[in-house]
Amino acid sequence: MSENVVSLHKNPEPLTDPAPVTTLTVVPDPAPAKPVPLWLRSGRAIRTAATHERTLTAGRTVARHGLYVAGGARIVAKRAWDGRTAARYERYMRTAEAAGNFEAAAEWEERGQRFRDARHRRRMDLLHSPLDAAKGAAVTTGMGIGGLILIGMAMAIATKDATEVVTPLMAVIKFINLMVTIVQVVWGPAVSVAPFLALLALWAVGSKQQAAPAWALPERVRNGEGEPITPSIVVKALRDLGVPALRNAIKEMGDGGASMLSPIVIAGCGVEVDVTLPSGVSTIEVQGRRRKLAENLSRHEHEVFITIPQAARTVRLWVADSGALDEPIGPSPLVTDDTLTADYAKGKAPWGQDLRGDAAALSLYQRHLLITGLSNQGKTVALRSLALWLALDKSVQFLMGDLKGVGDWAMFEGLAQVLIQGPTDEHVIQVTEMVEGAVEEMNRRIQAPPGTVFPALIVLVDEAQVAFMCPLKDEEGRYYGGAKATSRYYMAVRKIHNQGRAVNVLMWQGTQDPTNENLPKLVREGAHTRASLALGTESQARMALGDKAVDGGAAPNLLRPGLDQGTLVVASSGIDIPKGQSSITVRTHYVDDDAAVAITDRAKALRDGVTTLTLIERGEDRDPLADIAAVIADAPRLRTQDVLKRLSALDADAYGDWSPGDLTRVLDGTGAEPYKSDGRMVVGRDQITRALAHRDTDDSASGA
């Protein structure tokens, strides 16, 4: 202590900046926490252990296997009761009556009566059987003992020993004694083990039939994950559908409703079964509960399809394997087969797969086409796939209008005679005039001599709703869009629908979100092939496919937007539809832009070359000789009819009414007059080029 004081006094320098003084506050220690009672801690531990997942799983396991025994006993007792009584025949009779099949009910009643008669005879025989058995036993015993004594006598004579007389009888007595001894040894363990064997047998029956409550079953079974579709599951799903008449009829059926079902067959990535509904239950009641039925079958709504087959009071259920419809299908044969060609008249376009997994091919021969659906569901790709296949038939001609204008159809430049791409009103005007030009070509073909065969001319308009909604008028006050008799696009489409099929002038349209405003009734009903991707409402589905298809089970409004892209419902005579159905669901192949370019390159190689017009000029003075040179620039010579056709496509106002005589009149005296080649009048490209060059030279000289 003194040393510390001395050291402080010896410090020669004063403290100029003393450290701040810190006041220390003594905080008393907190009171110790009150200990948790042992009983409370034990209770929490017990509750935690009791509610742990492992404990619950173990409890369910024990309960499940115990309930399997009880369920097995119930099943065995029911089987025994059915074998000893006429209950089985009563059930079958009630089932037939509930289904309205009174002929079968009478047959089962007759079988039940025969069973009762046979059972009565057996019971009467039992009254006399004890006496008959006693008599038989006495006779048999006497004969048996006598026979043994006779054998013994024979042995005594042979051995000359009188004691051998009883040897056979004593041998039998010893054998019986041995059997009694064996039974005495085995009987005790057998009696002890028999109950366990009986319980094991009952458990086996119960486990095979899953005879336990749902809460006790394994999680995989409770959730229905991977659960196969069996008759009992289908009947239970129908029973719990919420249709009182159906539920009551199933309860009254002795077989639990199994007789309603046809055999369940594998169909592609799912199974198919026909359900004959009992009297008083309408097919529409089942169709209207598709979601509930799917959930009862442990499936999503989009994995269950309900259609109406030809048989009366019957619904056809197609149930997909869980998750199977979310798996993509394979590539299109257009992509995988470089040698594939098309045949407009006899072939079918490989479009995709149906729900059974079979190839879905569509005939395009003399069928107008309409594909509709919500935006970004694969409509353009589905429509383009058909055009890509048909392009591989070099005789087919195309007039195309893409009113989206983002390049989805750009690969057809060099294949289509006309390709207009753009979303503006100006593009609608050009597309309208293109369709009107096709009407003029149709009229020309109609006026040809009977028996004349014309190549297919496909007039394709994608995003056709833009044309129907166009508000512009022409110089005469007629609307380009709309659905009136003065609407130019509407009337042109109607004319092709009315008469184009006979001369192979066909109208293909793709449109979004169908309504009466953007897809008039007469236009949609004029299409022979109608297909729809995902839609928003049932009313739109009826507009897209028609009432008959929707009433028959077609439901594009139940497809999942964004998830079921490329899946469409088709109503057409050009595709194989199961008998009795009015539509079929097709999952189309996806052909991307690069693959589409490769296919069109193959199609171009099949042709001599096509000059594609991308703009229709109107309202200007034309130079006929220059226009003729332009339309035949891709061929050394061209038939006069083809020249007239291309001139009409170039400017319908200027050349739409031209005849071969008008063409001859223009070329007369130029040195490029039409001439015969292989028996047909043609126009030569080189001659036209020289005539145009001479004319320009003469004009220059005269100007100088």
Side-chain angles (χ1 to χ4, degrees), residues 224 227-231 233-247 249-250 257 260-262 264 267-278 280-311 313-326 354-356 373-374 377 532-564 567-571 577-578 580-587:
E227 185 176 12
I229 301 299
T230 62
I233 290 175
V234 176
V235 171
K236 185 176 182 297
L238 293 169
R239 185 195 66 194
D240 299 337
L241 203 54
V243 182
L246 180 59
R247 181 180 62 251
I250 292 175
M260 297 192 305
L261 309 183
S262 70
I264 298 177
C269 56
V271 296
E272 190 174 74
V273 59
D274 284 355
V275 181
T276 302
L277 301 176
V281 182
S282 170
T283 56
I284 195 65
E285 293 181 279
V286 178
Q287 280 186 298
R289 291 170 170 80
R290 176 181 171 185
R291 173 174 293 182
K292 190 170 185 179
L293 178 61
E295 292 172 350
N296 290 347
L297 293 170
S298 302
R299 296 294 190 272
H300 297 290
E301 184 179 12
H302 71 278
E303 294 177 329
V304 175
F305 288 81
I306 306 173
T307 55
I308 308 299
Q310 194 170 11
R313 232 175 52 235
T314 302
V315 293
R316 178 167 294 161
L317 307 181
W318 185 86
V319 185
D321 299 335
S322 295
L325 293 184
D326 296 327
D354 62 14
L355 295 178
R356 292 173 168 268
L374 297 177
Q377 298 304 307
S532 176
L533 294 107
L535 290 173
T537 63
E538 182 180 328
S539 62
Q540 289 179 330
R542 293 184 180 275
M543 292 180 186
L545 299 176
D547 292 336
K548 179 180 179 182
V550 174
D551 292 338
N557 53 300
L558 296 181
L559 295 174
R560 301 167 298 167
L563 297 177
D564 290 326
T567 299
L568 45 76
V569 183
V570 185
I577 297 178
Q581 296 181 201
S582 56
S583 65
I584 187 172
T585 301
V586 176
R587 303 172 68 197

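Note: hydrogens, waters and symmetry copies are ignored here, and every other heavy atom, side chains too, is used. What you are looking at is a predicted structure, and each value in this text was computed from that prediction instead of being measured.
Residues Leu241 and Val286 have side chains in contact (heavy-atom distance under 4.5 Å, counting atoms from C-beta outward). A heavy-atom distance below 4.5 Å is found between the side chains of Pro278 and Leu246. A heavy-atom distance below 4.5 Å is found between the side chains of Val235 and Ile250. Put simply, the side chain of Leu238 reaches to within 4.5 Å of the side chain of Met260, judged on heavy atoms.
When atom types are taken as modelled, the side chain of Arg316 and the backbone of Ile306 share no donor-acceptor pair closer than 3.5 angstrom. Judged by distance alone, the side chain of Glu295 and the main-chain N or O of Lys292 form no donor-acceptor pair under 3.5 Å. Using modelled atom types, one side-chain atom of Arg290 and one backbone atom of Val304 make a donor-acceptor pair closer than 3.5 Å.
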Stepwise, does the side-chain contact (heavy atoms from CB on, under 4.5 Å) test hold for Arg289 with Val243? CA-CA 9 Å; Arg289 291 170 170 80; Val243 182; 3.9 Å; yes

Take Ile229 and Arg299, measure what side-chain contact (heavy atoms from CB on, under 4.5 Å) needs, and give me the verdict at the end. CA-CA 10 Å; Ile229 301 299; Arg299 296 294 190 272; 3.9 Å; yes

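Listed by chain and residue number, Ala360, Leu568, Val570, Ile575, Ile584, Thr588 satisfy the side chain to side chain contact (heavy atoms under 4.5 Å, CB included) test with Val586 (two or more places apart in sequence, or in another chain). With sequence neighbours left out, Val273 forms a side chain to side chain contact (heavy atoms under 4.5 Å, CB included) with Leu261, Ser262, Ile264, Leu317. Listed by chain and residue number, Phe305, Leu355, Thr567, Val569 satisfy the side chain to side chain contact (heavy atoms under 4.5 Å, CB included) test with Thr585 (two or more places apart in sequence, or in another chain). Here Asp321 pairs with nothing under the salt bridge (charged side-chain N to carboxylate O under 4.0 Å, His left out) rule; sequence neighbours left out. Asp354 meets the side chain to side chain donor-acceptor pair (under 3.5 Å) test with no other residue; sequence neighbours excluded. Remark: Arg291 engages Glu301 in a side chain to side chain donor-acceptor pair (under 3.5 Å) (not counting sequence neighbours). Listed by chain and residue number, nothing satisfies the side chain to side chain donor-acceptor pair (under 3.5 Å) test with Gln287 (two or more places apart in sequence, or in another chain). Scored by the salt bridge (charged side-chain N to carboxylate O under 4.0 Å, His left out) test, Glu303 finds no partners at all (sequence neighbours excluded). Qualifying side chain to side chain contact (heavy atoms under 4.5 Å, CB included) partners for Thr314, counting only residues two or more places apart in sequence or in other chains: Asp274, Thr276, Pro309, Ala311. Applying the side chain to side chain donor-acceptor pair (under 3.5 Å) criterion to Thr230, with sequence neighbours excluded, gives Ser232.
Sequence neighbours left out, the pairs with a member in residues 536-555 that pass side chain to side chain donor-acceptor pair (under 3.5 Å) are Asp513-Gln540, Thr537-Ser539, Glu538-Arg542, Arg542-Asp547, Arg542-Asp551.
Minimum heavy-atom separation, Leu374 to Pro561: CD1-CG, 4.1 Å. Between Ala544 and Leu535 the shortest heavy-atom distance is CB-CD1, 3.8 Å. Closest heavy-atom contact between Asn296 and Ala237: ND2-O, 3.1 Å. The shortest non-hydrogen separation linking Ala549 to Ala571 is CB-CB, 4.2 Å.
Atoms CD1 and OG, on Ile233 and Ser298 in that order, are 7.0 Å from each other to the nearest 0.5 Å. The CG atom of Leu545 lies 9.5 Å from the CG atom of Asn557; values are rounded to the nearest 0.5 Å.
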